[in-house]
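Have a look at the structure below, then the notes.
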Amino acid sequence: MSDTRTDDRSKFGEGVNATVLGADEIILNMGPQHPSTHGVLRVKLKLDGERVVGSECIIGYLHRGVEKIAEHRSYQQFAPYVDRMDYVAAVSNGLGYCEAIEKLLGAEAPPRARVVRTILTELQRIASHLLWLGTHALDIGALTPVFYCFREREEILKIFEKYCGARLTTHAFRIGGLQYETYDGFEQDVKRFCEDFDKKVDEYETLLTENRIWVGRTKGVGILSAEDAIALAVTGPVLRASGIKWDIRKAAPYAAYDQYEFDIPTRQTGDTYDRYVVRMEEMRQSRRICLQAIENIPAGPIMARIGKVLKPPPGEVYHAIEAPKGELGYYVVSDGTTQPYRVRVRPPSFINLQAFDKMARGSLVADVVAIIGTIDIVLGEVDR
Amino acid sequence: MTGSAASPITSVLFYIFALMAVASAVLMVTRRNIIHSAVFLITTLLATAGIFLQLEAEFLFVVQIILYVGGIMVLFVFVIMLVNLDVSLHLIQFNRQKYVAGVLAFVLTAQLLIAFWVGRSSLNLGDARAMDPKNTEAVGQALFQRYMLPFEIASILLLVAMIGAVVMAKRRV
Amino acid sequence: MANDPSEKDPNVKPPESPAAGAAAPPKPAAAAAAPPKPPAAPPKEAPPKPVPLDNELVQRLKARFGDAIREATLDRKQAIVLVAAAQLREIARYCRDDEKFDMLADLTAVDWPKREKRFDVVLNLYSFPKNERLRLKAHAGENEPVPSVCEVWPVANWLERECYDMFGIVFEGHPDLKRILLPDEWQGYPLRKDYDILKQDTDWVRENLGIESGQ
Amino acid sequence: MNHLIPPSILPYVLPVLYGVVIVAVLPLLAGYIVLLERKVMADMQARLGPMRVGPHGLLQPIADALKLLIKEDIIPVKADLFLFWCAPVLSVTMALLAYAAIPFGPAFQIADLNVGLLFILAISSLGIYGIVLGGWASNSHYSLLGALRSAAQLVSYETAAGLALVSALMLAGSLSMKDIVQAQYDQGVWFIFVVPVGFFIYLVGSIAETNRAPFDLPEAESELVAGYMTEYSGFRWALYFLGEYANMVVVASIATTLFLGGWLRPFARYQDHLFGTSVELLDILPTILFLGVAVYSFWLAPKQPVKIQKIVMALVGGLCLVLAVGMAGALFAPDAVRMGVHGAFWFLAKVFTYIYAFLWIRFTFPRYRFDQLMRLGWHFLIPLALVNVVVVGTTIVLQQNWDWRHPMLTAIVTTAIMLGVAAFLGREDKQHQAAVEAPEP
């Protein structure tokens with residue numbers, strides 16, 4: 001890693017200084033209200049004809065100051081706010097936060113709670129990937145997959161609703177374990193869903209994977225090399241599609257992931273098509289985990305003995321889990337009172353979005369839509 | 001449709017088309033807006049195509065439309081739109097030699113009229129003999145049999161022109 | 001509405017923020033006498049106490065940078081190394097090149113208004129080869145610029161912009177330091193402890209709507 | 001009845017009558033094609049589609065038309081009023097004008113020009129003006145960009161489609177649409193089986209020519225929003241829409257006439273008679289079809305939730321019954337009437353299957369990027385069509401001079417050659433794709 005390498009890397013940093021325009025370059029403004037920016041993201045593209053020469057993402061339209069609110073709430077009161085960040089994968093946000101506070105307290109959720117948490121998080125991963133696939137295909141022009149994906153996602157949301165009464169911002173977990181016992185028929189529902197989900201994923205694959213136009217629109221678009229991926233700290237499916245086999249569920253198992261075996265799909269070229277294949281394979285792996293998990297959900301208590309008022313001794317902890325978008329980290333500092341002194345969320349979408357400029361350079365304007373879709377960002381998490 | 005050519009309907013049609021052609025030609029010249037004049041040029045061409053049709057020369061009618069209106073004029077309109085020429089709207093169109101132009105025009109029309117008047121006897125505007133229905137085949141035969149050589153030379157010429165255009169327009173990569 | 005945070009006297013603090021309870025300098029290592037143990041409610045597993053850390057990584061760092069490495073502690077089984085802000089960039093480059101911490105997972109800050117150097121700049125590093133995490137911390141005063149680590153890890157670009165946006169910490173050497181989440185003309189730095197939401201609201205209401213208080 | 005009309009305009013009466021019928025029926029037909037599209041799309045996407053307006057959404061087109069009529073008609077400021085008004089009108093008239101030469105049945109044709117096909121190609125090539133002038137007149141940078149893009153697309157795919165038609169023309173030997181169908185009757189085989197690659201090229205070309213997915217780039221481009229139609233609203237926009245669907249039917253009828261044997265019944269020369277009566281076996285198919293639909297709608301009628309929908313469904317059932325009786329009656333009518341009625345049925349059946357293929361393709365394929373679209377047109381389709389013309393030409397010369405008498409063998413050989421050429425062109429395209437994939441650093 002000689003020093004020269006850092007010089008070319010520093011060119012990532014400079015945003016597009018819009019005032020300096022080449023001979024026939026124009027600035028094209030996309031968003032913040034735009035059909036395919038997945039929320040309020042504004043992208044300033046510097047174009048030379050059709051080619052993207054530089055780009056700058058302007059974010060913050062959905063900034064609600066969640067971290068400031070955290071300092072005025074108790075640990076339990078802040079839990080519902082966490083669901084509102086990545087509102088597409090609320091359950092995994094909740095898991096990350098609860099486990100971080102449990103680590104802060106030095107407590108440990110009982111085995112039964114850990115297994116149920118794993119099942120619900122994996123179902124949420126499938127639901128999040130389904131929403132990604134539907135909207136991503138719709139942006140590129142395939143009208144049909146979005147309806148198939150939402151049909152399956154509906155099944156998962158029904159299971160969430162039966163379990164904790166809410167479909168999207170579920171607040172399903174509590175610090176120390178679970179609030180609700182699993183409803184009877186929970187195992188049967190999950191089994192029925194997982195049973196025919198494999199055939200459904202085959203359905204999407206027949207529609208898209210060998211579709212020449214789909215391959216034409218995604219292969220070689222938005223390439224991110226492994227070295228750039230690490231430099232830009234991109235995580236999740238985007239990193240795995242660039243050839244790095246790293247998943248926190250395997251590297252630092254949390255909840256009950258160490259009890260099940262599943263494999264980590266990776267691809268080499270790191271273009272939009274590879275990210276599509278990685279996410280499709282991840283859905284199959286999540287289904288595998290769920291099937292193994294519901295075989296034996298251990299009996300026993302669902303809540304650790306940590307008492308009603310939580311006063312973690314002063315200190316700090318950084319706990320990261322594998323959210324559908326990437327590494328979701330919580331850095332919590334406590335000063336011994338009932339309210340956290342500082343809660344910092346490491347948002348995977350925010351950091352993955354920074355790689356957009358690297359991917360979009362040199363591509364065509366029409367590919368920008370595909371690249372935004374393939375990074376799979378949710379603006380609630382980008383802006384916090 | 002071998003109706004007799006001089007039936008009232010066709011002659012009425014002829015006058016309509018002729019009038020349309022002349023009117024849109026005049027309009028084309030006088031318009032300030034470029035696109036309007038392009039549209040009127042298209043109407044002139046369509047009117048002449050109408051006259052071909054009215055003479056039952058269908059092949060010429062169709063060729064006129066495909067070639068002129070569907071092909072060349074599309075490129076005209078493309079060029080006009082790509083190079084937006086609204087700058088020319090502010091230029092003053094006519095310079096001050098109005099009077100000289102007027103005199104010249106008068107002299108020219110006078111000569112034309114005299115020429116028509118003198119030769120009016122030879123202009124026997126007999127009924128326009130309808131083309132025989134198989135004129136498309138006739139045109140085909142003529143082109144590929146009797147005038148084979150000029151046809152080939154013309155096509156090579158066009159090919160050369162096309163290649164020249166491509167080479168010039170190719171982006172210096 | 002420019003409530004310049006610096007001349008606010010410390011006692012106008014939001015009522016519900018912790019009172020003098022946590023007056024002791026919260027640097028875990030220095031707080032030798034841990035606060036009195038919480039009343040022994042049902043037997044709760046208390047987390048392990050923060051303990052000074054002295055493994056080979058810390059020794060190599062100390063050998064290399066001497067007293068720039070202020071402290072090393074282990075809090076809840078996670079390594080924390082406190083470094084001098086001035087050498088942050090060299091230490092960062094050393095960690096990435098020689099110690100193989102090739103991913104900067106997160107860069108953020110914590111505001112301790114009562115300390116003379118009020119800000120903690122916290123870098124969470126991760127090493128793919130060693131599958132290990134390390135947390136570098138550096139103290140920074142109010143208007144004291146911190147060397148930017150953009151050259152070492154390009155991901156720091158947006159992270160440092162967010163730190164600047166939320167805390168006002170200036171990272172010198174950053175290619176394009178400007179606000180990232182808040183509008184550019186925003187006054188004040190929200191995540192500072194003395195940035196009071198209530199006061200912000202009453203100022204705005206008094207100024208724009210001319211009524212006493214919006215509550 | 002002929003003596004009533006003065007002789008000079010006698011030849012014009014029937015065509016004018018047909019013209020009126022077509023222009024009146026077409027907007028309704030276009031509306032119901034929109035409904036068909038939404039229903040098929042819904043069916044392919046595991047949902048129901050419009051169900052609320054009338055039974056199973058059958059009155060939806062009328063509701064759409066009414067909505068568009070009363071919608072506010074916004075004209076952008078500084079728009080070029082004259083052009084803004086005449087662009088949609090232009091695109092609809094060009095689409096309707098093309099019906100003049102389309103033979104719906106042996107007798108049901110407005111004008112049997114002996115350059116029928118060329119006439120339709122000429123008129124549809126004028127459709128570009130509707131789009132280009134519309135884009136220019138709405139005075140917005142984006143709609144102009146969209147208009148130019150769709151015009152470029154139309155021009156390049158028109159060549160490919162035209163060349164594909166040439167290959168079928170050579171087999172028929174004449175430009176008049178009626179003669180083409182007659183040639184398919186005489187040769188006893190539909191041209192789709194003789195020049196299948198030609199049909200394929202024309203299918204792709206016609207999809208691109210009517211700006212439909214996966215070539216609907218100008219409207220659907222993310223930053224162009226709705227291409228040249230963005231600034232149009234209310235009935236002006238509906239005119240563009242009507243133009244597009246009318247164009248779709250025109251393109252479908254050209255394909256039917258040239259490749260699917262126009263109004264010919266499948267196995268037209270198969271004269272097996274039913275129980276010794278003069279009725280041919282396959283002629284009863286239309287009657288059976290309409291009877292089936294009538295029974296189905298009568299069965300559905302009582303199940304409709306709202307009373308009014310019950311009546312409408314019963315009406316639809318009645319209409320189908322009448323058609324069935326009509327079809328059956330035509331069997332025993334004099335030959336001209338039978339040929340006319342059945343011919344029209346078979347023609348429309350083929351047109352609708354062709355349109356169904358359009359819809360099917362639209363809902364399974366994502367959208368092409370503009371440069372891929374142009375490369376497909378210029379690098380793949382046009383060369384393929386040229387080679388197709390050359391190959392079909394040589395086979396015809398072979399047949400005429402050395403009376404090579406095995407049509408089936410020639411069809412197989414030509415298709416094999418064409419597939420070889422297609423593969424070669426495809427490979428070249430892939431190399432180009434690889435070149436694009438590794439963009440310059």
Side-chain angles (χ1 to χ4, degrees), chain B residues 1-4 6-13 27 31 33-36 38-43 45-46 49 52-53 56-82 84 86 131-140 166 173, chain D residues 6-12 15-16 78 80-84 86-87 90 93-94 97 100-101 110-129 131-133 135-137 139 141 143-145 147-149 151-152 154-155 158-159 162 173-176 228 440:
Chain B
M1 205 181 71
T2 57
S4 69
S7 66
I9 296 284
T10 44
S11 51
V12 164
L13 273 177
L27 275 173
R31 286 303 93 193
N33 183 334
I34 309 283
I35 290 289
H36 284 199
V39 166
F40 285 118
L41 176 55
I42 292 169
T43 16
L45 292 170
L46 284 175
F52 281 135
L53 190 63
E56 284 164 25
E58 292 119 357
F59 185 69
L60 284 180
F61 161 76
V62 166
V63 161
Q64 166 92 353
I65 289 190
I66 291 187
L67 252 168
Y68 283 109
V69 183
I72 295 167
M73 281 315 291
V74 169
L75 296 184
F76 263 59
V77 170
F78 252 58
V79 165
I80 292 172
M81 287 191 185
L82 284 180
N84 40 34
D86 42 25
M131 304 266 283
D132 51 45
K134 285 291 172 209
N135 54 43
T136 327
E137 283 76 7
V139 168
V166 166
V173 174
Chain D
S8 65
I9 49 169
L10 185 64
Y12 301 108
V16 165
K78 286 225 301 306
D80 190 328
L81 281 178
F82 167 63
L83 287 183
F84 191 78
C86 90
L90 202 65
T93 38
M94 290 312 151
L97 211 55
I110 298 178
D112 176 22
L113 299 159
N114 69 0
V115 281
L117 186 64
L118 266 187
F119 171 78
I120 297 178
L121 279 185
I123 297 295
S124 61
S125 79
L126 294 184
I128 299 178
Y129 287 108
I131 294 171
V132 172
L133 294 181
W136 168 268
N139 185 25
H141 170 70
S143 51
L144 177 60
L145 202 60
L148 290 181
R149 275 195 177 181
L154 281 172
V155 167
E158 221 174 285
T159 354
S174 145
L175 277 170
S176 143
Y228 56 91
E440 64 291 350

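Chain naming here is simple, since letters A, B, ... match the order of the sequence lines and numbering starts at 1 in each.
In this structure, Val74(B) and Val132(D) have side chains that are not in contact, with every pair of non-hydrogen atoms separated by 4.5 Å or more. For the pair Asp80(D) and His36(B), the minimum side-chain heavy-atom distance is below 4.5 Å. For the pair Tyr129(D)/Val69(B), a side-chain contact is recorded, criterion being any heavy-atom separation below 4.5 Å from C-beta on.
Rounding to the nearest 0.5 Å gives a distance of 6.0 Å between CG of Leu46(B) and CG of Leu126(D). Note: Asn114(D) CG to Phe59(B) CZ = 10.0 Å, rounded to the nearest 0.5 Å.
Contacts between Leu175(D) and chain B at a heavy-atom distance below 4.5 Å involve the side chain alone, from C-beta outward. Contact annotation for Leu148(D): both backbone and side-chain heavy atoms come within less than 4.5 Å of a heavy atom of chain B. Looking at Leu67(B), neither its backbone nor its side chain comes within 4.5 Å of chain D, counting heavy atoms on both sides.
Ring geometry for Phe119(D) against Phe61(B) counts as parallel: the plane angle stays under 30°, on a 0 to 90° scale with 60° as the upper cut.
Evaluation of the side chain to side chain donor-acceptor pair (under 3.5 Å) test over residues 118-127 of chain D, restricted to residues two or more places apart or in two chains, returns none.
Residues Ala151(D) and Phe78(B) come closest through the heavy atom pair CB-CE1, 3.4 Å.
Counting heavy-atom pairs closer than 4.5 Å to chain B, the top-ranked of the candidates Ile128(D), Leu121(D), Leu133(D), Ile123(D) is Leu133(D).
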